[in-house]
Undergrad: 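Okay, here's the structure, questions in a sec.
Below, each value reflects all heavy atoms present in this structure, side chains not excepted, and no hydrogens, waters or symmetry copies.
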Protein chains: 2
Amino acid sequence: MNDIFGTYIREKRTRLQQANKRYSLRQTAARIGIEPSYLSKIERGEQSYLSEEKISALALDLDEDPDVLLALNGKISRDIQEIIRKRPQLFARLIRELKNMPDQAVLKLVREVRDGDW
Amino acid sequence: MNDIFGTYIREKRTRLQQANKRYSLRQTAARIGIEPSYLSKIERGEQSYLSEEKISALALDLDEDPDVLLALNGKISRDIQEIIRKRPQLFARLIRELKNMPDQAVLKLVREVRDGDW
DNA sequence: CATGGTGTGTAGTGTATAGTACACACTATT
DNA sequence: AATAGTGTGTACTATACACTACACACCATG
């Protein structure tokens with residue numbers, strides 16, 4: 001189904017594997033704490049279920065952005081979900097408004113918030 | 001576990017029931033398409049699993065905000081999730097920045113976006 | 001006093017999610 | 001020729017999630 005997540009991490013891992021043999025499927029699986037056969041299935045898109053914890057561990061291991069890997073897996077990190085659930089109306093409105101805004105516009109908001117005069 | 005969702009909808013429903021007998025547990029359950037015993041369990045917090053579809057239907061029926069009911073149930077609506085997953089880094093940054101901002105500040109952003117000059 | 005409507009208790013169900021365990025075939029090394 | 005390491009196939013498992021089905025006890029009311 002969701003073979004884009006699998007394809008993405010397989011490409012990244014095999015690229016790292018060229019330079020360093022510790023990025024074999026088996027060793028990587030061992031580091032993130034799953035069976036090699038399971039990681040194999042996931043990379044080939046045969047099975048795409050992987051918990052947030054494992055995805056985050058994998059992101060750390062492969063030097064990838066956890067939020068990106070989670071998104072490729074159809075997930076959103078728990079801390080983000082928590083923030084939204086605490087003020088659902090507020091964030092729902094904001095996020096829907098931003099749906100079609102270009103990246104630049106959203107980034108401008110981020111900057112505005114960070115060094116803003118609130 | 002999550003008896004706040006149940007308590008909330010039970011209160012709202014029974015309040016509506018005072019004025020209109022069509023808001024009995026049985027009739028309400030029938031309108032949203034679940035068994036009365038199941039709605040009973042949910043309202044008493046014994047079981048809190050309810051799909052997004054049923055929660056939205058319930059929100060509509062009880063004249064409540066779907067995003068709020070979903071949040072009380074530990075969920076976030078699919079359309080919001082989709083928006084975030086399409087640009088995970090961007091939205092992750094923005095949302096985390098806004099975590100501790102007061103409502104007013106976030107609302108100001110919403111307004112800025114809506115009638116902004118992008 | 002039966003009938004209709006109320007809420008609830010108990011038991012069971014199907015699918016999704018998140019994996020393990022182990023055997024197999026292949027390649028590289030020693 | 002044995003050994004270590006590679007990826008993969010098959011079968012199985014446990015828990016979470018999202019419900020249904022049906023029986024029960026308790027009012028009202030005609």
Side-chain angles (χ1 to χ4, degrees), chain A residues 1-3 5-7 9-59 61-62 69-78 81, chain B residues 1-3 5-7 9-59 61-62 66 69-70 72-78 81:
Chain A
M1 284 290 141
N2 178 26
D3 72 337
F5 173 72
T7 304
I9 62 169
R10 163 145 297 191
E11 262 173 40
K12 182 63 184 276
R13 185 185 59 74
T14 49
R15 191 160 41 247
L16 292 173
Q17 198 182 8
Q18 308 299 309
N20 190 333
K21 65 185 182 334
R22 71 191 290 272
Y23 287 103
S24 76
L25 186 145
R26 273 166 185 274
Q27 295 188 42
T28 305
R31 278 193 304 276
I32 72 166
I34 60 171
E35 290 295 311
S37 61
Y38 196 52
L39 181 54
S40 173
K41 268 198 279 268
I42 289 164
E43 285 193 351
R44 284 172 297 120
E46 201 196 295
Q47 185 103 20
S48 71
Y49 307 124
L50 200 55
S51 67
E52 174 169 348
E53 286 67 34
K54 308 293 185 186
I55 292 174
S56 293
L58 188 59
D61 197 76
L62 300 181
L69 289 196
L70 284 168
L72 288 175
N73 203 259
K75 292 186 169 65
I76 294 169
S77 80
R78 248 176 251 301
Q81 292 190 44
Chain B
M1 283 291 141
N2 178 25
D3 72 338
F5 173 74
T7 303
I9 63 169
R10 163 144 296 191
E11 263 173 40
K12 182 63 184 276
R13 186 185 59 74
T14 49
R15 192 160 39 246
L16 292 173
Q17 197 181 9
Q18 306 300 308
N20 190 332
K21 65 183 179 338
R22 71 190 234 92
Y23 287 103
S24 76
L25 186 147
R26 273 167 184 274
Q27 295 188 42
T28 305
R31 280 192 304 276
I32 71 167
I34 60 171
E35 290 295 311
S37 61
Y38 196 52
L39 181 54
S40 172
K41 268 198 279 270
I42 287 164
E43 286 193 350
R44 284 171 298 119
E46 200 195 296
Q47 186 103 18
S48 70
Y49 308 125
L50 200 55
S51 67
E52 175 168 346
E53 287 66 34
K54 307 295 185 184
I55 292 174
S56 293
L58 187 60
D61 197 76
L62 299 181
L69 289 196
L70 284 168
L72 288 175
N73 203 259
K75 290 185 170 65
I76 294 168
S77 80
R78 250 176 250 300
Q81 292 189 44

Undergrad: Starting at CD1 of B:Ile55 and ending at C1' of D:dA18, how long is that distance when rounded to a whole Å?
TA: 11 Å

Undergrad: Protein within reach of the bases, or only the backbone? For nucleotides 9-17 of chain D, mark each nucleotide 5' to 3' as B, S or -, using heavy atoms under 4.0 Å.
TA: BBB-----S

Undergrad: Holding to side-chain hydrogen bond (donor to acceptor under 3.5 Å, both in side chains), I want the full list of residues that pass it with A:Arg22, two or more places apart in sequence or in another chain.
TA: none

Undergrad: For DNA chain C, what residues of residues 16-25 of chain B have any heavy atom nearer than 4.0 Å?
TA: B:Gln17, B:Ser24, B:Leu25

Undergrad: Backbone N or O of A:Ile34 within a donor-acceptor pair of the A:Lys54 side chain at under 3.5 Å?
TA: no

Undergrad: Kindly say whether A:Ile76 contributes a backbone atom to a donor-acceptor pair with the side chain of A:Gln81 at under 3.5 angstrom?
TA: yes

Undergrad: Which distance, rounded to the nearest 0.5 Å, do you find between the CD1 of B:Ile32 and the CG of B:Leu50?
TA: 5.5 Å

Undergrad: For A:Lys41, check salt bridge (Lys or Arg N to Asp or Glu O under 4.0 Å) against everything at least two apart and list the hits.
TA: none

Undergrad: Around B:Arg78, counting heavy atoms of other residues, nucleotides and ligands shown, do more than 12 lie under 6.0 Å from its CZ?
TA: no

Undergrad: Show the nearest heavy-atom pair for residues B:Ile9 and B:Leu39, with the distance to one decimal.
TA: CD1-CD1, 4.2 Å

Undergrad: Give the first and the last nucleotide of DNA chain C, reading 5' to 3', that has any atom under 4.0 Å from a heavy atom of chain B.
TA: C:dT6 to C:dA11

Undergrad: Taking all non-hydrogen atoms of both residues into account, name the closest pair between A:Pro36 and A:Ala29 and its distance.
TA: CA-CB, 3.8 Å

Undergrad: With sequence neighbours left out, write down each residue that passes side-chain contact (heavy atoms from CB on, under 4.5 Å) with A:Ser77, or none if nothing qualifies.
TA: A:Glu52, A:Asp67, A:Leu70, A:Asp79, A:Ile80, B:Arg96

Undergrad: Taking the six-membered ring of B:Tyr23, is NZ or CZ of B:Arg31 closer than 6.0 Å to its centre and within 45° of its axis?
TA: yes

Undergrad: Look at the side chain of A:Arg26 against the base of D:dG7 and say whether a donor-acceptor pair falls under 3.5 Å; ignore hydrogens and angles.
TA: yes

Undergrad: Want to settle it: does B:Pro36 or B:Ser51 sit nearer the 5' end of DNA chain D, counting the closest nucleotide to each?
TA: B:Ser51

